[in-house]
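Worksheet for the structure shown next.
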Amino acid sequence: MTTITAVNTTAKNDTTNKGFIGIPEKTARTLVIAGGALTIASCFLAWTWTAKYPGNLTVTGYPGGLQWLVLVGGALTVLLALASYGVKGLGWLTPAGADGAIKLAALAAFGTAWYTGISIAATLGGPINLEPGAGVAMLATLIALVGALALPFERPALEAGDPDDNGWDQFKHDLGNKWTTFKAAFASGPVRPVRELPAWAEILLIAAVLGIGLFVFTYGITTPYQELFIGFLITAGFGAGALNKAGLMARVTALTAKHRNVALVGAFAAAAAFPLTQTDDQYANLGVNILIFATVALGLNIVVGLTGLLDLGYVAFLGVGAYTAALVSGSPNSPFGVHLPFWAALLAGAAASMIFGVLIGAPTLRLRGDYLAIVTLGFGEIFRISMNNLDGVSGPDITNGPNGIANVPNIDLFGFDFGVPHTIAGFTIGRFANYFLLMLLITLIVVLVFRRSAESRIGRAWVAIREDETAAEAMGINGFRVKLIAFALGATLAGLAGAVQAHVNYTVTPDQYVFANAVPPNSAFLLAAVVLGGMGTISGPLVGGALLFLLPNKLQSLGEYQLLAFGIALVVLMRLRPEGLIPNRRNQLELHKDLEAPTVLSKTGA
């Protein structure tokens, strides 16, 4: 706490340390707190006069809809601002400093409040439909943001331009300097070590974090209308950024690394509790499809994130597993007339995908870079076209062509029918909730395989191949064999998810497995999920996959502009955070040369 005060005092006396707005530091901090407090108060006022706008923002005395999100942003801004003053008991909020986090928290409240106000005006026919509460909220968040942007920060040393540069080169140089200064305004310091807690207290803290994570995920997936989901994205995005800049994310990461097995079990226990929070099976349906997509993305992460192979046809392995399971699970459209138990169909799907992975990888993995990407893209298209042609007309009657394999029966595993609701301990679990829990078990298996593989000798060989294949082979690593193992293992994991997908969707058709489409899963979205989430990590592709599956489902009203908005968002995010949402430390250091190398922490510093 005293460290923060000392840093701010130094900044105040240094002319090179000033904010974007010329307001004294004490005044700026006062504006932040006042604006944040007024933001909280405004959420208890009516923002519009009619209930035609979703969320019923007409009530005075109780927040509703988007007001709750603005309230969260305002409360986080106030807490971080008070922590910057050294208020006792709040120092744990900002172990890496408060000012960068304050700016992002203020942006969370500002963005959500102004989006809500503009949305109300656009939906209902003009600003006249805004009640005074909305105006107070917009003004309050603006005041807090002005105060946050006026907070001083250490300005970096900028390079002087070349006097011989032409106008365009000078413009690019000036733009680069401004961008460097902008990033410095949101920079945070190293995470301060804290007193070591008892093991039981650290485990309780991990449980609390997992509970909050479950609440946030449940809130996001169950948002009933688009406006609320967009507000959720704004608040969650800037809010998570604020907590990261404050150092809380790093502290929680250190705790989960220290109690890794406890954190892993707790994370899956929290995920298993998700269906129990739902009274409508539609959100469990969305949840199980998110798990399928995220699990396949994690399998792709072995190929792309660990081994560094660009695979543009990976969704075909998901299709191989799905088609294999559908053909042997007793579907009346299957020409084989085979009805294997689910565990056998699951293994058959995984084995078929592995065989295809070996058959495709053996002749192609001697290629590198763009050539490998083109070949894998071709394999994905060959698979889809082949499934279309195996209809009894263009080829043998195996897959029923474009109509696919329909009427795949529900899973009956050890007498438990996944297709009907069950009541357990007073909770009614519907069909999709049953499949959600089953897919969660499959995801756990994939996570364990990924984790054990990445930490093994073969995993270190994958990383060596990714960093420099020539150097790795010079050190005795058989590059072709190592890459083939990665290709086969990634395909196997996709086949496991495909076997479950066939039973969840009842039908398997070729058009589900294309390179690019507005709706996932497809190869383009899978690759984007890995890169967006963070290559080489476990949680990165799971988070990236969940986010990229939710966006098209929640923003369907954007219609033909959906992919345009998605592409712009990806470009902006990759520019601001190219290492992904949950980065691998090595990738983060490579992409941000200004970061210090990680130091070995003592137990008190973890």
Query raised in the report: Nearest heavy-atom pair of Trp68 and Pro63: which atoms, and what distance?
Result: NE1-O, 3.1 Å

In residues 230-239, what donor-acceptor pairs under 3.5 Å come from side-chain atoms, sequence neighbours left out?
| from | atom 1 | to | atom 2 | distance (Å) |
| --- | --- | --- | --- | --- |
| Thr235 | OG1 | Thr112 | OG1 | 2.8 |
| Thr235 | OG1 | Gly231 | O | 3.1 |

Report task. List the atom of Ala546, the atom of Ala294, and the distance in Å for their closest heavy-atom pair. Result -> N-CB, 4.4 Å

Query - Straight-line distance of Glu227 CD to Thr116 OG1, nearest 0.5 Å - result: 9.5 Å

Requested in this report: For the pair Glu202 (side chain) and Ala199 (backbone), establish whether a donor and an acceptor sit closer than 3.5 Å, ignoring hydrogens and angles.
Outcome: no

**Report entry** Leu104 backbone acceptor or donor facing Lys245 side chain under 3.5 Å
**Finding:** no

Query raised in the report: How far apart are the closest heavy atoms of Ala529 and Phe293, and which atoms are they?
Result: CB-CE2, 4.2 Å

Query - Ring centres under 6.0 angstrom apart (Phe153, Phe20) - result: yes

Distance-only check: which donor-acceptor pairs under 3.5 Å involve side-chain atoms of residues 138-147, not counting sequence neighbours?
| from | atom 1 | to | atom 2 | distance (Å) |
| --- | --- | --- | --- | --- |
| Thr141 | OG1 | Trp114 | NE1 | 3.4 |
| Thr141 | OG1 | Ala137 | O | 3.0 |
| Thr141 | OG1 | Met138 | O | 3.0 |

Report task. Can you sort out the partners of Arg451 under salt bridge (charged side-chain N to carboxylate O under 4.0 Å, His left out), two or more places apart, ordered by chain and number? Result -> none

Query raised in the report: In Å and rounded to the nearest 0.5 Å, what is the OG1 to CZ distance from Thr295 to Phe450?
Result: 12.5 Å

Report summary line: Rounded to the nearest 0.5 angstrom, the CD1-CE distance for Ile582 and Met249 is 8.5 Å

Query raised in the report: Using the ring of each side chain (for Trp, its six-membered ring), is Phe274 parallel, tilted or perpendicular to Phe217, with breaks at 30° and 60°?
Result: perpendicular

Query - Neighbour count >12 (heavy atoms, 6.0 Å) for atom OH, Tyr225 - result: yes

Report summary line: By side chain to side chain contact (heavy atoms under 4.5 Å, CB included), Ala257 pairs with (sequence neighbours left out) none

Report task. To the nearest 0.5 angstrom, please state how far the CG atom of Leu66 sits from the OH atom of Tyr115. Result -> 6.5 Å

Query raised in the report: How far does CG of Leu31 sit from CG of Leu38, to the nearest 0.5 angstrom?
Result: 11.5 Å

Report summary line: In terms of heavy-atom contacts, Leu130 and Gly117 come closest through CD2-O, 3.7 Å

Query raised in the report: Is a donor on one side and an acceptor on the other found under 3.5 Å between the side chain of Arg29 and the backbone of Ala81?
Result: no

Requested in this report: Write out all pairs satisfying side chain to side chain donor-acceptor pair (under 3.5 Å) with one or both partners inside residues 46-57, taking only residues at least two apart or from two chains.
Outcome: Trp49-Asn129, Tyr53-Ser119, Asn56-Thr58

Requested in this report: Sort and list the pairs that fulfil side chain to side chain donor-acceptor pair (under 3.5 Å) and have at least one residue in residues 34-44, not counting sequence neighbours.
Outcome: none

Query raised in the report: How far apart are the closest heavy atoms of Pro127 and Ala121, and which atoms are they?
Result: N-CB, 3.8 Å

Query raised in the report: Which heavy atom in Ala105 sits nearest to a heavy atom in Leu80, and how many Å separate them?
Result: CB-CD1, 3.8 Å

Report task. Check whether any side-chain N or O of Lys554 sits under 3.5 Å from a backbone N or O of Thr223 as a donor-acceptor pair, and report yes or no. Result -> yes

**Report entry** Atom pair CG (Leu57) and CG (Leu45), whose distance is rounded to the nearest 0.5 Å
**Finding:** 12.0 Å

